[in-house]
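What follows is a short report on a single structure.
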Amino acid sequence: MVKSGTIILNTAARFLMPLQLMFSVFLLLRGHDEPGGGFIAGLVAAGAFTLYLFAFGVSATRELLRMVDPRDLIGVGLLFGMVSVLPAWFMGQPFLTAQWWTIPVIDFKASTPLIFDVGVFLAVLGSVMGMVMALMEADKDEP
């Protein structure tokens, strides 16, 4: 296991990771009315997991992800992106025409752009985490 050995990095990773993940969710949900969205939110979330990976190693990060393979995140993200075009098609409109639904109990507007952004978020998170974990595991194998 690659471990930094610094108490500052370990402590910072434990406190900053939840903050980065909350900020990532904020960026994901904010992206429909203002700039932001799935791509930058995925990068911020990947940065949070990468910080944890640098502090505690690959095996601790895999345990934190609860054995979710980053490749599975990419596949689910692509599936969400594909599903986001179907509601417009069923309504007889062109692909990628936004559809909006209001959830009355919490007064939240769900939409096909949100589904697409969640797909982009998962695909970016899975891609970056897959690359970083592969690089860290390759570095561990070298003498």
Do you know which two heavy atoms are closest between Phe56 and Ala13, and how far apart they sit? CE1-CB, 4.0 Å
Can you name the nearest heavy-atom pair linking Gly38 to Leu28, along with the distance? CA-CD1, 3.8 Å
Would a single hydrophobic cluster contain both Phe26 and Leu43, if residues Ile, Leu, Val, Met, Phe, Trp and Tyr are joined by side-chain heavy-atom contacts under 4.5 Å? yes
Partner residues of Asp72 under the salt bridge (charged side-chain N to carboxylate O under 4.0 Å, His left out) criterion, sequence neighbours left out: none
Residues in side chain to side chain donor-acceptor pair (under 3.5 Å) contact with Gln99, at least two apart in sequence or another chain: Gln93
Hey, mind stepping through Leu27 and Met22 against side-chain contact (heavy atoms from CB on, under 4.5 Å) and telling me if it holds? CA-CA 9 Å; Leu27 287 174; Met22 284 190 300; over 6 Å; no
Within a strict 4.5 Å, meaning less than it, do heavy atoms of the Val85 and Thr112 side chains meet? no
Ser24 side chain to Gln20 backbone, donor-acceptor under 3.5 Å: no
Hey, are the side chains of Met136 and Thr61 touching, using non-hydrogen atoms and a 4.5 Å cut-off? no
Please check: side-chain N/O of Thr11 versus main-chain N/O of Ile8, any donor-acceptor pairing under 3.5 Å? no
Decide yes or no for Ser111 and Phe116: does some side-chain heavy atom of the first lie under 4.5 Å from some side-chain heavy atom of the second? no
Run the side-chain contact (heavy atoms from CB on, under 4.5 Å) check on Met129 and Leu73 step by step: do they pass? CA-CA 10 Å; Met129 289 307 300; Leu73 291 176; 5.8 Å; no
Might you point out which heavy atoms bring Ala45 and Leu125 nearest each other, and give the distance in Å? C-CD1, 3.9 Å
Over 12 foreign heavy atoms within 6.0 Å of CH2, Trp101: yes
Dump the intermediate steps for side-chain contact (heavy atoms from CB on, under 4.5 Å) on Leu51 and Met17, then the final yes or no. CA-CA 7 Å; Leu51 176 65; Met17 185 181 174; 5.7 Å; no
For Ile74, the hydrophobic cluster (side chain heavy atoms closer than 4.5 Å, chained through members) also holds Leu78
Ignoring hydrogens, what is the shortest heavy-atom contact between Trp100 and Ala98? Give both atom names and the distance. NE1-CB, 3.7 Å
If you take all heavy atoms of Arg62 and Pro70, which pair is closest and at what distance? NH1-CD, 4.2 Å
Considering all heavy atoms, the nearest Phe23-Val44 contact: CD2-CG1, 4.1 Å
Using the rule that two of Ile, Leu, Val, Met, Phe, Trp, Tyr join whenever any of their side-chain heavy atoms come within less than 4.5 Å, decide whether Met82 and Leu122 are in one cluster. no
Give the C-alpha distance, both sets of side-chain angles, the deciding distance and a yes or no for side-chain contact (heavy atoms from CB on, under 4.5 Å) between Phe15 and Leu19. CA-CA 7 Å; Phe15 284 116; Leu19 293 175; 5.7 Å; no
For Phe49, what residues pass the ring-ring contact (aromatic ring centres under 6.0 Å, His included) criterion, not counting sequence neighbours? none
Pairwise side-chain contact, Thr97 with Met91, heavy-atom cut-off 4.5 Å (strictly under): no
From OH (Tyr52) to CG (Leu21), nearest 0.5 Å: 11.5 Å
Using the test side chain to side chain donor-acceptor pair (under 3.5 Å), find all partners of Arg71 that sit at least two apart in sequence or belong to another chain. Asp69
Nonpolar side-chain network containing Val83, other nodes, edges under 4.5 Å: Leu79
